[in-house]
Amino acid sequence: MTAAQGAGAGMGGALAYLAELEAHNDRAWFADTKRERARALASFDALVAEVQGLAGAFDPAVLGHDPKKLTFKLTRDTRFSNDKSPYNPSLRAHVGPAGKLPVPVGYYLMVKPGGRSFLGGGLFAAMFKDATERVRRAIAENGGEWEQAVAGLAPLKVEGEALKRVPQGFDAAHPQAAWLKFKSWYVELPVSDEDVAAPGFAAQAAREFERMKPLNDFLNRALEGFQMPAR
């Protein structure tokens with residue numbers, strides 16, 4: 001069995017664990033299922049490592065990071081949320097040039113049972129105003145290149161939080177005016193539970209991420225010089 005097959009086979013068990021976690025989202029159950037959780041996390045780590053290796057063949061910038069440090073915790077921050085359930089019943093990772101930091105942009109993988117898994121690329125972080133401004137300027141100055149990157153994603157569509165009007169400082173009659181309203185620019189490809197659990201899922205994910213690379217390349221050129229806000 002190859003590493004990819006091992007990761008794929010294990011993801012069926014990981015999906016089952018996540019479904020149980022969603023149904024029993026409390027600290028007592030979480031503590032009682034430490035062994036099952038460890039298996040689920042190990043399967044996901046193996047999947048992320050395989051995806052990272054495959055993606056590195058067409059995007060070497062994502063290599064060099066410990067795959068385990070590309071993943072996000074199951075524990076939720078409930079301080080500012082109406083939902084006080086302590087855990088997020090999903091497995092998530094960002095495979096990017098700066099690891100799991102959202103900028104530079106990379107490839108996002110979320111595994112969630114019930115057909116809610118997806119593969120993503122692009123800029124998800126609408127809260128970084130400087131990043132948004134840099135991308136808007138790049139789109140305004142390189143509209144043809146932007147449209148080419150977007151067209152190559154078909155049938156996927158670029159999504160994102162957007163303003164109702166073109167922001168001040170940009171031409172409302174610009175050919176890419178609709179894109180200039182956006183505050184983030186990303187794509188999400190839904191993935192079925194069957195695909196996630198299949199032996200070839202890592203390769204499938206890498207193929208889809210390769211399709212997203214021109215979008216990421218455009219965004220990362222625009223984001224050169226951007227610095228993450230200090231915490």
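Owing to the predicted nature of the structure, the values given are computational and were not obtained by experimental measurement.
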Q: Return yes when atom CZ of R221 has more than 12 non-hydrogen atoms of other residues, nucleotides or ligands closer than 6.0 Å, and no otherwise.
A: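 Yes.
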Q. Is the number of heavy atoms from other residues, nucleotides or ligands within 6.0 Å of NZ (K84) greater than 12?
A.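 Check passes, neighbour count above 12.
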Closest contact, heavy atoms only, [X] versus [Y]:
X    : Y    : value
V191 : D195 : CG1-CB, 3.6 Å
P67  : Q52  : CG-OE1, 3.3 Å
M11  : L91  : CE-CD1, 4.3 Å
S117 : K112 : OG-N, 2.9 Å
N216 : Y107 : ND2-CE2, 3.2 Å
L70  : H65  : CD2-CB, 3.8 Å

How far does [atom1] of [X] sit from [atom2] of [Y], to the nearest 0.5 angstrom?
X    : Y    : atom1 : atom2 : answer
T75  : F30  : OG1   : CZ    : 5.0 Å
Q176 : E145 : CD    : CD    : 11.5 Å
T132 : R134 : OG1   : CZ    : 11.5 Å
K183 : K129 : NZ    : NZ    : 7.5 Å
E22  : L18  : CD    : CG    : 8.5 Å
T33  : L21  : OG1   : CG    : 7.0 Å

Can you list the residues that meet the salt bridge (Lys or Arg N to Asp or Glu O under 4.0 Å) rule with [X], with sequence neighbours excluded?
X    : answer
R39  : none
E194 : none
R136 : none
E147 : none

Applying side chain to side chain contact (heavy atoms under 4.5 Å, CB included), name anything that partners [X], two or more places apart in sequence or on another chain.
X    : answer
F182 : A162, W179, W185
A61  : D59, P97
A98  : L101, P104
D83  : R76, S81, S85

Q) Of the options D45, L41, L109, L47, which is the one that meets T71 in a side-chain contact (heavy atoms from CB on, under 4.5 Å)? A)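 Single side-chain contact (heavy atoms from CB on, under 4.5 Å) partner of T71 among D45, L41, L109, L47: D45.
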Q: Sequence neighbours left out, what passes ring pair (Phe, Tyr, Trp, His ring centres under 6.0 Å) with H24? Give chain and number order.
A: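 In terms of ring pair (Phe, Tyr, Trp, His ring centres under 6.0 Å), with neighbours along the sequence ignored, H24 is linked to W29.
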(Q) Test of understanding: with ring pair (Phe, Tyr, Trp, His ring centres under 6.0 Å), list the residues that count as partners of F58, not counting sequence neighbours. (A)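 By the ring pair (Phe, Tyr, Trp, His ring centres under 6.0 Å) rule, F58 matches no residue at all.
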Q.
Taking transitive links into account, so neighbours of neighbours count too, which hydrophobic residues share a cluster with F124 at under 4.5 Å side-chain distance?
A.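 Members other than F124 - counting any ILVMFWY side chain reachable under 4.5 Å - are F72, Y108, M110, F118, Y186.
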(Q) Under a 3.5 Å distance rule, please check whether N88 uses its side chain to pair with a backbone N or O of L74 as donor and acceptor. (A)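 Between the backbone of L74 and the side chain of N88 there is no qualifying donor-acceptor contact (under 3.5 Å).
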Taking distance alone, no hydrogens or angles, what donor-acceptor pairs closer than 3.5 Å link side-chain atoms of residues 198-210 to residues at least two apart or in another chain?
| unit_1 | atom_1 | unit_2 | atom_2 | d |
| --- | --- | --- | --- | --- |
| E208 | OE1 | R211 | NE | 3.2 |
| E208 | OE1 | R211 | NH2 | 3.0 |

Q. Does M228 share a hydrophobic cluster with V95, counting links as ILVMFWY side-chain heavy atoms below 4.5 Å and allowing steps through other members?
A.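 Yes; V95 is reachable from M228 via cluster members.
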